[in-house]
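Take a look at the structure below.
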Protein chains: 2
Amino acid sequence: MELMNFTKIAAGVYKACTGPKTDGILALVGNEAKLDSINSNYKDMPMPFEGVYSEKINSKTVVCVPKENSERFYGPGLRFKTIATNFTAMHLRCDHYGNSDNGRTHVPTPFYVSDKGYGIFIDTAEVISYYMGGTVRTDAKNPPVALNRGRGEWFADTPGDFVEASFENDADVYVFTGETMLDVVAKFNLLCGGGTLVPKWGFGFWHRTHIHYDEKDVKNEIDLFREKNFDLDVIGLEPGWHSNSYPCSYEWDEERFPDPKRFVNDLLDENIKVNLWENLFVSEKATIYEDMKPYSGSHMVWNGLAPDFTLPEARKIYADQHKEKHIDIGVSGYKIDECDGFDNWLFPDHAKFPSGRNAAAVRSSLGILAQKATYEIYRSINKRTYGLVRASAAGSVMMPYCIYNDCYSFEQYLTGLASSSFCGCLWVPEVRDADTSEEWVRRFQMCVFSPMLMLNAWANGAKPWQFEDVEDIIRDTIRFRKSLLPYLYNAFYTYRTTGVPPFRALCMDFSNTGSSRMSELDHTENPYESLLVSDIIDQYMAGDSIMVCPVRPEQKTRTVNLPDCDWYDYYTGEFVGNSTTIEIDCPLDRIPLFVKGGAMIPTVDRENNLIIRCYGESGKGFIYDDDGETYNCENGEYSLFSMEFNHENGVLNGKYLPVHCGYNSEYSEVHFYDKKDF
Amino acid sequence: MELMNFTKIAAGVYKACTGPKTDGILALVGNEAKLDSINSNYKDMPMPFEGVYSEKINSKTVVCVPKENSERFYGPGLRFKTIATNFTAMHLRCDHYGNSDNGRTHVPTPFYVSDKGYGIFIDTAEVISYYMGGTVRTDAKNPPVALNRGRGEWFADTPGDFVEASFENDADVYVFTGETMLDVVAKFNLLCGGGTLVPKWGFGFWHRTHIHYDEKDVKNEIDLFREKNFDLDVIGLEPGWHSNSYPCSYEWDEERFPDPKRFVNDLLDENIKVNLWENLFVSEKATIYEDMKPYSGSHMVWNGLAPDFTLPEARKIYADQHKEKHIDIGVSGYKIDECDGFDNWLFPDHAKFPSGRNAAAVRSSLGILAQKATYEIYRSINKRTYGLVRASAAGSVMMPYCIYNDCYSFEQYLTGLASSSFCGCLWVPEVRDADTSEEWVRRFQMCVFSPMLMLNAWANGAKPWQFEDVEDIIRDTIRFRKSLLPYLYNAFYTYRTTGVPPFRALCMDFSNTGSSRMSELDHTENPYESLLVSDIIDQYMAGDSIMVCPVRPEQKTRTVNLPDCDWYDYYTGEFVGNSTTIEIDCPLDRIPLFVKGGAMIPTVDRENNLIIRCYGESGKGFIYDDDGETYNCENGEYSLFSMEFNHENGVLNGKYLPVHCGYNSEYSEVHFYDKKDF
C-alpha cells in the first residue's frame, strides 16, 4: 500500500491521484469547479487524517481511507432504504434501483460523508466497490475485539481501520473537510460546479399526459385544467409523441402532432411549457440513425443504437437534431428515460464502444452526458431548461434535471429525498395513482416540498381532480406550491452559490437526529445481529428554514422530532418547542411544517404580491430574484434584497426591491406571526 | 469473434477452450469425469448448432452461444424465485441469496439447459455475467421485430441471436446434448463425477440442537426423543461446541464437552451420529492458527483468518486437524456455514490470497473445497459422510453435502428444490419454526421429499413434538420418511450411476408442464411487459416414479397437474388421470403423492421388512442395496435386484435378494394397488 500525497486545492479541500493517468467523470461532464465559492463561503481546515493509501491489486486500484469506530457514513450513491451505510458493502454502478441498496442505483456517485466532518470523492465513471468500514486486514492496527459468538456474543459487524474501495483504472481522490456534514456536502457540490439554475416555471405544476395523446387530446386536457381552475405550467409528452419510441426517432409523429411548432407555441401562448419524453436508443426510423451508427456500441437496446455519449461527436449529432426539431420551436426540456438501464434490457457489460471505454463506464455516464448535451443547447440560446432523467453521476449538481424512477413507495420516496442530498442530485417523487382520496392528497403534499411537483399520467390518464371529495384540497395544494416560489427560488440560489442542497436529510443540519441500535435477531428472518443507524427520513429540510414533516396515508397523528433550535408552526406562527418531541394532529389539508425561529419566508399570493412570513422575535432574510428564464443573472442581472425584522418594534428594513425583481414588491405585506396574530 | 472448435469427449458431449490456459473449478475440485457412464447410458448426438464464438473484450472473455427465439432456459445457478431464465441478465457469483435471482447465489454453477435438448457449461470459478438471450448485436442475423412502443407495442424483451457470457481469464466450454433436458442434466452430472454416495443414516431424522447446549443438554434431548418415541438419527451441534466460534477454533469447548470421544461414542452406541457446525474462518484460539496464517488472505472474516483453500497446503492443515479431533473419534460429518459469504461480512473482492487467485474465485470455491477436504478424509478411512454446506459450485454433484440457507419461505424452498436439479446440487429446506401446528406439519412434510429431513433448533431449541395437537402426525411423518429408505436409496444409486437428480423440477421429466405468458403491466409497480415462463414448482419428481405435490399451510385443497402418463394415488393405488388437471382435498396428515403407472416402489416397515408397492397393471423395478456405510460398493459389494409385476396374474420375479441386501427380504410383502384392494 502506498501513502497518497494530497494537495490542497481550496479551503479544506484536498486532492491526490492513484496514478499518472486519471480520466474521471468530472472531466467527461466538464463542469467548472467553483473553488472561489468554496474559499469565500467555507473555512479552511487541515486534512482530517494521515494515511490514505492506494494499491494495485490484480486489475483493480484499491483506495483505503482511515476511519474511527464511532463514525457514521452517508453515501456513496443514491439510496432508497437507509441513508447511513456503516459496515455495508456495495458494488456501485448505474442501474435501475432493484429494491436493495446494494450499489445498483440511478446515481452511483462515488462520494460519501462522515459525521466526523469530512467527505471522500473518488472521481471515476467505472464500477466501484465500497466496503464501508466492515473489512478487517490481518495487519489491522486496531483489530476488532475478538468475539466468541457460540458463547452468546452474537454481533455480526467487525469494525476495521479503513473504508476500502476498488475500481478499474486510476482516479483522482478528493477529501472535503467541514465543521458539519452540510459544509462537506456543500464543498463537494461547489467542486462539481455548484447547484443548478432552475427556471421559475419549473416550480409550477407539471402534468404528464397519456402516452397515446395527440395534439387535440392535450389541448382538451388543458381546457379541462382551465375549466376546473387548476394551475398548469408544464405539459409532459410521453413516448407517443415520437414517430417511433422504444427505440426513439426523436421526430414528431405526424399524425398525432401534424404541426409541432404551432402546437408548442399555442401552449407557450398560454404560459404552458412542453417537456418531451425520450430514451437514448436510436430507432432505425430516426433521421440521425445513419450518422449515429459509427458512434454507437456493439449492441442494440430496445432494437435501437446505443450511442457512445463519451464521444463529443455522438452528443453533437443528438444535440443538433434536438435543437432543430424541438428546442428551436420552443420545447422547454426533456425527460430522459431508461439511461440507467435495467440489466435485462440494456447492452451487456462486455459491449464494445467506439471510444474504447468499458461498457459499464459508458452506461454510468450516459444519463449525465445526455443532460450535458441538452443543457448546453439551452445555454447556447440563453434559455434555462428543467427536466427529468433516470440516471446521473457526479457532476449532476449543475444539471437542471431531477432524478426519478419506477418505484412508488412513500417510504422510498422519502429516503430518496434524504439520500439525494448526499450525492449532489435532485430527487423527485411523482404522483401516479392512489387507492384512496386521502392517499392522493398525501402524495401531492409530499411533492410540494420536492424539486418538482408532477402528476405522471402516462399510463392511466389521471387528472388532479379525479378524487372529487378532495378536488379543492388538491387545487389548493398546487397553489400552495406556487405561493412558495420566492422561498424555493432563494433555496436554489443558495444551492448554486454555496452548494447547500435545497432539500436535504435532517441529519445534515442536525447531526444528532440519528440513532444507532442493534438489529433484531430472528432465526427465520435475520440470524445476524448488526448495528443499525436509524436516521429520521420522514422529516427533512427544505431551504434555509422550513422543516417538512410529511404525513403518510392513513396517518392521523404523527410524532415530530424538534431538533436543537426554536421551532414555530408554519401556519399559526406558534412556538412549538426546541430539542423535544411533539405529537401533532394531521388534518388532511395541511402538510405539517415547522420554521426556524428568526426566519423570514418570502411567499407570493395569486396576484404575485410578496408576503413575507416572519417567525419568532427577530431575524433576517433575503430575497433573490432575476428574470427567471435566462442566464443573464450570471452577468449580474439579478436582485438580492436583504431584510430583517424585530417583532417588538415591527421594523422591517429595505421594503422596496431593486429593478430585477419580478414580484410586486410595492404591494408586499409582512406578517409577523405569533400566538397573538391568530 | 472467433468460432470455437469443439471436440467430442463422450456420447453427445463436446468441449472447446477459449484460450490456451484454462484453470477451471473442475480442476480445483478434482472429481473424475464418468465419461464411460455417459457413453453407456446415453445416446450420441451431433452438436446442436454451429457457431459458438469467443472473443476477448477488455479484460474479459466473452462466449456467445446461438439460440432460437422459442427456447426456454433453466439455470445457470441456484435460484429461488423462478427457474426459467429467458431474457434475464445475471452476474453469477457466490453469495448468500439476497431475495433476488440476480446471480448472487449459494451455488453459482455456470451451467444452463435449453428445452431444445442441450446444455452449456463454462468451467470457471470466476464471477461470470450471463445474458440469457435478451442482448441484440448491431450485426444480428435475426434482429428482433422493430416495435413502436409509443403506439402500444409495449413488449420489453428483445430476443437476440445469442446467449452471451463474460468472465475473466480463459475457460473450457462444454456442450451437452440430449433428447430431453433430463438427459442433458444427467450428462453434466456425470461429467462432474456422478451423483454422491449418501450413507443410509443420512436418510433418517436430523435434529440440530440449541447453540448453547452442552453434553448433558444433548443427552437429555436424546432421552426426550426416546420417551416421546420419536426417531432420531443425527444430532447436529451448532456453534457452541467450539471453544471459539465466529471465528472458529474447531476445538471442543472443554467445559461443555469435557470428553468429546466418549460423548460421540455414547451417541454412536445409540445409533445416533454427530454432525458438527463450523465456518471456515480460523480463530486466533485455534491450534491451526499459526500454521494457517501463511496460507490465508489479506483480510479477516469474523476476526478470523480466511484460508486460501485453492492451496492444497491450506486444505491439509484443516483436514489433519479435523481428522484428529473429530473424525477419528467418530464424528459423522459437518455443516459448513458462511462459506457463501454475505458481502457485508466477508473479505472484499480486492483481498489478496497467497495463491494469487482473484478473491472472488477463492470465494466461489471455498465451499466446495471444504467439502472436498472433509470428503477426502472420510474416503481415506472408508466411511461415508453426509452434511450441509452453504455454498457450492460445479463439481458439487459428487459431494455428500446439501445446500441450505437462511431463507424461510415455503415458496423459495420449493423453487430451490426445482432449481437445484439444474445445477448439480442437493438443496435442503429445513424446519425451524412455525406459527401454527398446521404450518409445522406442512413444513415437515415438504422435507420428507428432500435430500435431508431436519429440524434446525439452533436458535429456539424447538422440539418436533412442540405442537401437541399434531405430535402424532409429526412422529408418523418422520417414520414415513424412514419407510421410504429403499426407494430413496434407489434414487441416489441412479443419481450416482446415471446422473439423474433424485429430486427434480417437473419440467425436467415433462417439458410441457411450463407455460409462457406476458407479465402484468402496472404503472406503479411494473411498467414493462415482458415474457414470463411459469414452471410448476409446487409439484416435483422424487426418484423414478413419485410426483410430490406439497401442501402449503392453510391450503385445504389443491390443484394437481397430471402430465403425460398414467398417474396413481400413492396411498390408495387408485388411477387418478393422465394428461389432466385434478382438484384434491388435502387432509393434514398426508403429503399428496402420485405414482407413475408401472412403478414398483420399495419401502420398509418398522421391522425392516420390505414392502413393495406396485402401481398399475404391470411394470418393473429394482432394489439397489449395499452396506450403507462404506465405499465397498465401488468394488462390487452391492446388490442390484431386478423385479417385475403383472397385476392380472400376480407374478413377481426374483423374490429373494442377494447377500448384500440389508433389508429383511425373506419377509418381503408385495402390494398390488388398485381400486379393488382398498
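Chain A is the first sequence line, chain B the second, and so forth, proteins listed ahead of strands; every chain is numbered from 1.
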Taking side chain as everything from C-beta outward and backbone as N, CA, C, O, which of these in [X] sits under 4.5 Å from a heavy atom of chain A? Side chain, backbone, both or neither.
| X | answer |
| --- | --- |
| B:Asn58 | side chain |
| B:Val301 | neither |
| B:Tyr131 | side chain |
| B:Ile211 | both |
| B:Pro144 | both |
| B:Lys60 | neither |
| B:Thr88 | both |
| B:Glu238 | neither |
| B:Ser283 | neither |
| B:Glu338 | side chain |

Requested in this report: Establish, yes or no, whether a centroid distance under 6.0 Å links the rings of A:Phe87 and B:Trp345.
Outcome: no
Query raised in the report: Are the aromatic ring centres of B:Trp154 and A:Trp458 under 6.0 angstrom apart?
Result: yes
Which answer fits [X], side chain, backbone, both or neither, if we ask what part of it has an atom under 4.5 Å from a heavy atom of chain B?
| X | result |
| --- | --- |
| A:Glu55 | side chain |
| A:Val136 | both |
| A:Ser243 | backbone |

Query raised in the report: Counting distance only, does the side-chain N/O of A:Asp343 pair as donor-acceptor with the main-chain N or O of B:Ala89 below 3.5 Å?
Result: no
Query raised in the report: Hey, is the main chain of A:Leu147 close enough, under 3.5 Å, to the side chain of B:Asn244 for a donor-acceptor pair?
Result: yes
Of all of [options], which one pairs up most often with chain B through heavy atoms under 4.5 Å apart?
| options | result |
| --- | --- |
| A:Tyr246, A:Phe347, A:Tyr408 | A:Tyr246 |
| A:Glu153, A:Glu255, A:Lys285 | A:Glu255 |
| A:Ala459, A:Pro239, A:Pro348 | A:Pro348 |
| A:Ser59, A:Ala156, A:Ala146 | A:Ala156 |

Among [options], which has the most heavy-atom pairs under 4.5 Å with chain A?
| options | answer |
| --- | --- |
| B:Glu284, B:Arg104, B:Arg256 | B:Arg256 |
| B:Asp139, B:Asn460, B:Asn102 | B:Asn460 |
| B:Leu521, B:Asp522, B:Val145 | B:Val145 |
| B:Trp302, B:Trp277, B:Trp241 | B:Trp302 |
| B:Ser166, B:Gly304, B:Pro527 | B:Pro527 |
| B:Thr524, B:Ile57, B:Thr158 | B:Thr524 |

Decide yes or no for [X] and [Y]: does some side-chain heavy atom of the first lie under 4.5 Å from some side-chain heavy atom of the second?
| X | Y | value |
| --- | --- | --- |
| A:Arg137 | B:Lys352 | no |
| A:His350 | B:Glu164 | yes |
| B:Asn148 | A:Ser245 | yes |
| A:Asp406 | B:Tyr528 | yes |
| A:Asn456 | B:His523 | no |

Query raised in the report: Does one side chain, of A:Arg149 or B:His242, offer a donor that lies under 3.5 Å from an acceptor on the other?
Result: no
Query - Heavy-atom pair of closest approach, residues B:Thr135 and A:Leu346 - result: CG2-O, 4.3 Å
Report task. Return the minimal non-hydrogen interatomic distance between A:Asp349 and B:His91, and the atom names on each side. Result -> OD2-CE1, 3.4 Å
Query raised in the report: More than 12 non-hydrogen atoms from neighbouring residues, nucleotides or ligands closer than 6.0 Å to CD on A:Glu439, yes or no?
Result: yes
Requested in this report: Hey, could you give me the CG/CG distance between B:Asp157 and A:Asn344, rounded to the nearest 0.5 Å?
Outcome: 7.5 Å
**Report entry** Salt bridge A:Arg151-B:Asp253, side-chain N to carboxylate O under 4.0 Å
**Finding:** yes
